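Just so it is clear, the model here is predicted, and its values are computed rather than measured.
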Amino acid sequence: MDPAVCPRLVVKIGSALLVDHAGTVRTDWLAGVVTDIAERRSQGQQIVIVSSGAIALGARRLGLERGGRASLEDAQAAAAVGQVALAGVWEALLAAQGLIAAQVLLTLGDLEDRRRYLNVAATIARLLDLGAVPVLNENDTVATAEIRFGDNDRLAARAGQAAGAMGVILLSDVDGLFTANPASDASATRIPVVKALTPDVMAMATGETKSGMGSGGMAAKLLAARMAGAAGIALAICDGRVDRPLTHFAASGGGTLFLPPRSAKGRKAWLAGRITVAGTITVDAGAASALRRGASLLAAGVRAVDGPFQRGDVVAIVGPDGELLGRGLAGYDADDAATIMGLRNDAHAAALGYAPRAAMVHADHLVLI
Ligand code: GLU
């Protein structure tokens, strides 16, 4: 699906676009991006922002050399200072368009661990339902060297998966993927659409960043495209140096669009492909037909729970006659699932002793076989 028009979109904005060489926010340009976002929101598109710039902004305030990237300690300190400023900028600009900013700071572990992944997914979904605009960044201050995304390109791809987005746009200081590095090779031509990330395509990228400010480079963007594609998400790299870059991208036909290798359903393919399941949830006929209509699995329709499984584990969902209906990520541990099975949602809090979740298995994390 074209990222320009998909119902839920992740837009990633790199440091080099957000912060100028003096280390200040490019507010006028960013206000144009926010105007684009507000326009798309009013047309019904939900938008999640992934914003870099914390390290670059913090480095300026702390007087750190090499843009705060001379050492990991510098980068982590710079991020702590810069993130405050960054959040303030987003809040002010979104508020000027009548929109509410929500800050979400993530580490790689938050999306690798299934339970935390589900929590992140649920929080982003709730924020979007409430009409807020989630603004994500890596939690650079606490992420350790071995377990970090390292660049926000990959964070955007993974967050796109957690957010249930069908498209990711990376606003960049280049207008997409070129056959060679356009900065040093005048014969380089832009590739408008990439259908498969073959070794030849991967070889077109270098790891350098033009600005020296971000940490991405084209190599990281291609890895992000691969991650997005594996989750069935289309990813575009496009020129962010222009005013109103999202409008420009939609109108110009520029940039490079990476199509996911499978159909849009591929987002759930990894679930369908799982052979081992941690448990089984048996549902009644009413729940089985609701699932076929695309609904989430609610506890009221559950007849039996076979564990042990934990929240976030893959479980098989079977119908009243034992037929396999699908697989999904369990919203509850097996014990709690057994406690609330058969109960309507309004009885869950009393049975569990804590605020219940929306579903036993959410439709976003469920695939029918
Ligand atoms: N998270 C980093 C920041 O806010 C940026 C990472 C990147 O350059 O992609 O500065």
Side-chain angles (χ1 to χ4, degrees), residues 1-3 6 8-14 47-52 104-114 116-118 120-121 124-125 134 136-140 143 146-172 174 176-177 191 193-207 209 214-238 255-274 312 314 329 364-365 367:
M1 182 178 278
D2 185 346
C6 66
R8 193 175 281 181
L9 172 70
V10 173
V11 179
K12 180 257 173 178
I13 300 165
I47 304 224
V48 174
I49 297 167
V50 173
S51 173
S52 304
V104 182
L105 298 180
L106 297 171
T107 59
L108 182 63
D110 294 327
L111 295 182
E112 296 283 288
D113 177 276
R114 281 168 298 171
R116 283 191 275 160
Y117 173 88
L118 284 185
V120 172
I124 293 175
L136 279 49
N137 196 0
E138 182 158 14
N139 195 352
D140 293 299
E146 324 75 68
I147 50 151
R148 47 195 295 128
F149 293 101
D151 60 77
N152 277 1
D153 299 317
R154 274 172 283 184
L155 170 62
R158 291 301 304 273
Q161 190 181 358
M166 300 308 293
V168 172
I169 295 180
L170 305 178
L171 293 182
S172 174
V174 288
L177 177 67
I191 304 173
V193 178
V194 173
K195 291 200 180 116
L197 281 161
T198 59
D200 285 353
V201 173
M202 296 304 279
M204 290 171 192
T206 63
T209 65
S215 49
M218 191 50 75
K221 290 180 179 28
L222 294 192
L223 291 174
R226 176 179 281 170
M227 287 168 84
I233 299 172
L235 180 144
I237 301 171
C238 71
T256 299
L257 176 62
F258 297 84
L259 295 172
R262 287 185 284 262
S263 71
K265 280 192 167 167
R267 184 162 69 82
K268 291 176 175 176
W270 62 275
L271 249 183
R274 295 287 282 257
V314 179
L329 300 184
D364 285 350
H365 310 303
V367 62

Do [X] and [Y] have side chains that approach each other closer than 4.5 Å (heavy atoms only, starting at C-beta)?
X: K221; Y: K12; value: yes
X: L136; Y: I124; value: yes
X: L111; Y: V120; value: yes
X: V48; Y: P134; value: yes
X: L257; Y: V194; value: no
X: L171; Y: C238; value: yes
X: E138; Y: D151; value: no

Write down the atom of [X], the atom of [Y], and the distance for their closest heavy-atom approach.
X: A205; Y: A219; value: CB-N, 3.6 Å
X: L177; Y: T256; value: N-OG1, 2.8 Å
X: I233; Y: Q161; value: CD1-N, 3.5 Å
X: M218; Y: G176; value: CE-O, 3.2 Å
X: A228; Y: A157; value: N-CB, 4.0 Å
X: A225; Y: L197; value: C-CD1, 3.9 Å

Find the distance between [atom1] ([X]) and [atom2] ([Y]) and round it off to the nearest 0.5 Å.
X: R158; Y: M227; atom1: CZ; atom2: CE; value: 5.0 Å
X: L235; Y: I169; atom1: CG; atom2: CD1; value: 9.0 Å
X: D140; Y: L106; atom1: CG; atom2: CG; value: 11.0 Å
X: L108; Y: N139; atom1: CG; atom2: CG; value: 12.5 Å

(Q) Looking at N137 and S51, would you say the former's side chain and the latter's main chain have a donor-acceptor pair under 3.5 Å? (A) yes
Q) Between the main-chain N or O of A163 and the side-chain N or O of R8, is there a donor-acceptor pair closer than 3.5 Å? A) yes
Q: Evaluate the side chain to side chain contact (heavy atoms under 4.5 Å, CB included) criterion for residues I13 and S52: first the C-alpha distance (whole Å), next the side-chain angles of each, then the deciding distance (0.1 Å), finally the verdict.
A: CA-CA 6 Å; I13 300 165; S52 304; over 6 Å; no
Q: Output, in order, the C-alpha distance, side-chain angles, deciding distance and verdict of side chain to side chain contact (heavy atoms under 4.5 Å, CB included) for V50 and V11.
A: CA-CA 6 Å; V50 173; V11 179; over 6 Å; no
(Q) Between I191 and M204, is the side chain to side chain contact (heavy atoms under 4.5 Å, CB included) condition met? List the steps. (A) CA-CA 10 Å; I191 304 173; M204 290 171 192; 3.3 Å; yes
